[in-house]
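Every heavy atom of this structure was used, including side-chain atoms; hydrogens, water molecules and symmetry mates were not.
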Amino acid sequence: MASEDGEERIAKISSVIRAIPDFPKPGIMFYDITTLLLDPEAFKDTIDLFVERYKDKQISVVAGIEARGFIFGPPIALALGSKFVPLRKPNKLPGKVISEDYSLEYGTDRMEMHEGAVQAGERALIIDDLIATGGSLCAAIRLLERVGLEVVECACVIELPTLKGRDKLGDRPLFVLVKKDD
């Protein structure tokens with residue numbers, strides 16, 4: 001019965017995510033999670049489904065990818081009794097940072113976190129709203145593993161399977177709630 005309940009909650013979550021064609025440019029289908037956030041029941045179910053999955057996995061760090069990973073990460077971290085570590089775009093964090101460069105479709109970007117935010121041997125969950133090409137998740141994995149963390153899993157609300165981001169993760173586990181066609 002629990003899986004039926006989970007399937008019902010996932011169907012509800014999927015139904016409240018708005019698809020916006022041709023945003024931010026022609027030919028792109030944008031999946032807008034703000035409509036999910038406007039539905040308290042669906043938002044709570046989203047957080048609860050992640051917490052149920054990770055509650056017994058000894059997660060000590062929930063690392064959220066800017067910007068929408070910051071929405072889902074903190075409530076998950078609080079429920080798990082873990083710390084939340086923001087993984088930010090360049091020049092957004094004060095003080096000393098460590099960084100990881102990654103490729104975009106046209107160019108490169110960088111992800112940063114505070115030095116000392118995590119300790120070698122900690123167990124991490126990486127959270128973001130969506131996986132498309134997988135570039136930002138791969139950068140997050142490299143950044144955390146470089147300082148000695150064990151990345152237990154990556155988790156996203158939405159996956160766009162046709163963009164094959166999961167393939168870039170190699171053997172890294174990825175958990176998603178909703179798959180959408182792009």
Side-chain angles (χ1 to χ4, degrees), residues 2-3 5-7 9-17 19 28-33 36-37 42-43 45-77 79-80 82-89 100-105 109-111 113 118 122-182:
S3 67
D5 176 53
E7 290 173 17
R9 292 187 290 169
I10 289 169
K12 166 72 174 183
I13 291 163
S14 182
S15 75
V16 299
I17 296 169
I28 302 290
M29 180 64 76
F30 183 82
Y31 290 97
D32 180 19
I33 55 101
L36 168 64
L37 304 176
F43 185 30
D45 283 344
T46 301
I47 300 304
D48 289 349
L49 285 163
F50 286 126
V51 170
E52 289 163 16
R53 180 170 179 87
Y54 299 110
K55 66 183 178 185
D56 296 321
K57 298 199 187 276
Q58 295 78 45
I59 302 293
S60 54
V61 174
V62 175
I65 296 176
E66 187 168 347
R68 291 175 294 274
F70 294 2
I71 295 169
F72 299 100
I76 294 167
L80 296 176
S82 306
K83 60 184 166 185
F84 176 75
V85 176
L87 303 179
R88 302 231 39 202
K89 294 175 181 173
E100 183 69 35
D101 291 331
Y102 63 101
S103 297
L104 299 170
E105 188 174 354
D109 207 347
R110 175 173 289 159
M111 185 175 296
M113 77 174 172
V118 297
E122 288 187 295
R123 293 171 52 84
L125 166 66
I126 300 171
I127 186 86
D128 204 358
D129 68 320
L130 181 139
I131 178 171
T133 64
S136 58
L137 281 177
C138 287
I141 291 167
R142 288 192 308 270
L143 183 60
L144 293 173
E145 287 184 343
R146 200 169 83 218
V147 295
L149 267 70
E150 176 188 350
V151 175
V152 175
E153 195 161 72
C154 298
C156 298
V157 178
I158 305 165
E159 179 181 11
L160 304 179
T162 58
L163 296 179
K164 301 193 183 304
R166 182 182 290 267
D167 295 347
K168 276 192 181 171
L169 299 181
D171 63 352
R172 301 281 187 247
L174 171 67
F175 175 70
V176 297
L177 296 178
V178 174
K179 293 184 180 187
K180 297 279 190 181
D181 295 322
D182 61 324

Can you list, pair by pair, the side-chain donor-acceptor contacts under 3.5 Å of residues 60-68, counting residues two or more places apart and other chains?
{"unit_1": "Ser60", "atom_1": "OG", "unit_2": "Arg123", "atom_2": "N", "d": "3.0"}
{"unit_1": "Ser60", "atom_1": "OG", "unit_2": "Arg123", "atom_2": "O", "d": "3.3"}
{"unit_1": "Glu66", "atom_1": "OE1", "unit_2": "Arg88", "atom_2": "NE", "d": "2.9"}
{"unit_1": "Glu66", "atom_1": "OE1", "unit_2": "Lys89", "atom_2": "N", "d": "2.8"}
{"unit_1": "Glu66", "atom_1": "OE2", "unit_2": "Arg88", "atom_2": "NH2", "d": "3.1"}
{"unit_1": "Arg68", "atom_1": "NE", "unit_2": "Asp129", "atom_2": "OD2", "d": "2.6"}

Contacts of [X] that satisfy side chain to side chain contact (heavy atoms under 4.5 Å, CB included) - sequence neighbours left out:
{"X": "Leu37", "result": "Ile33, Phe43, Ile71, Phe72"}
{"X": "Asp32", "result": "Arg18, Ile20, Phe30, Thr34, Thr35"}
{"X": "Ala79", "result": "Val51"}

Identify the two heavy atoms, one from [X] and one from [Y], that lie closest to each other, and give their separation to 0.1 Å.
{"X": "Glu100", "Y": "Ala139", "answer": "CG-O, 3.6 Å"}
{"X": "Ala124", "Y": "Leu144", "answer": "CB-CD1, 4.1 Å"}
{"X": "Pro75", "Y": "Ile47", "answer": "CG-CD1, 3.7 Å"}
{"X": "Arg166", "Y": "Val176", "answer": "NH2-CG2, 3.9 Å"}
{"X": "Asp128", "Y": "Ser136", "answer": "OD2-OG, 4.0 Å"}
{"X": "Ile131", "Y": "Gly165", "answer": "CD1-C, 3.6 Å"}

> Do Lys180 and Met29 pass the side-chain contact (heavy atoms from CB on, under 4.5 Å) test, and can you show the C-alpha distance, the side-chain angles, and the key distance before you say yes or no?
Replying inline: CA-CA 10 Å; Lys180 297 279 190 181; Met29 180 64 76; over 6 Å; no

> Distance-only, no hydrogens or angles: does the Gln58 side chain make a donor-acceptor pair with backbone N or O of Asp56 under 3.5 Å?
Replying inline: yes

Rounded to the nearest 0.5 Å, what separation is found between the [atom1] atom of [X] and the [atom2] atom of [Y]?
{"X": "Leu143", "Y": "Tyr102", "atom1": "CG", "atom2": "OH", "result": "11.0 Å"}
{"X": "Arg9", "Y": "Asp48", "atom1": "CZ", "atom2": "CG", "result": "6.0 Å"}
{"X": "Ser14", "Y": "Glu7", "atom1": "OG", "atom2": "CD", "result": "13.0 Å"}
{"X": "Ile127", "Y": "Phe84", "atom1": "CD1", "atom2": "CZ", "result": "9.5 Å"}
{"X": "Leu169", "Y": "Lys164", "atom1": "CG", "atom2": "NZ", "result": "13.5 Å"}
{"X": "Ile10", "Y": "Thr46", "atom1": "CD1", "atom2": "OG1", "result": "9.0 Å"}

> Are any non-hydrogen side-chain atoms of Tyr31 and Val178 less than 4.5 angstrom apart?
Replying inline: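 No, side chains not in contact.
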
> Is the Lys NZ or Arg CZ of Arg53 less than 6.0 Å from the centre of Phe175's six-membered ring, within 45° of the axis?
Replying inline: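 Ring-cation test returns yes.
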
> Can you list the residues that meet the salt bridge (charged side-chain N to carboxylate O under 4.0 Å, His left out) rule with Asp109, with sequence neighbours excluded?
Replying inline: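 If we apply the salt bridge (charged side-chain N to carboxylate O under 4.0 Å, His left out) test to Asp109, skipping adjacent residues, there are no hits.
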
>> Run the side-chain hydrogen bond (donor to acceptor under 3.5 Å, both in side chains) test against Tyr54 and tell me which residues pass, sequence neighbours left out.
In response: Glu153

> What residue among Leu125, Val157, Leu80 forms side-chain contact (heavy atoms from CB on, under 4.5 Å) with Phe50?
Replying inline: Val157

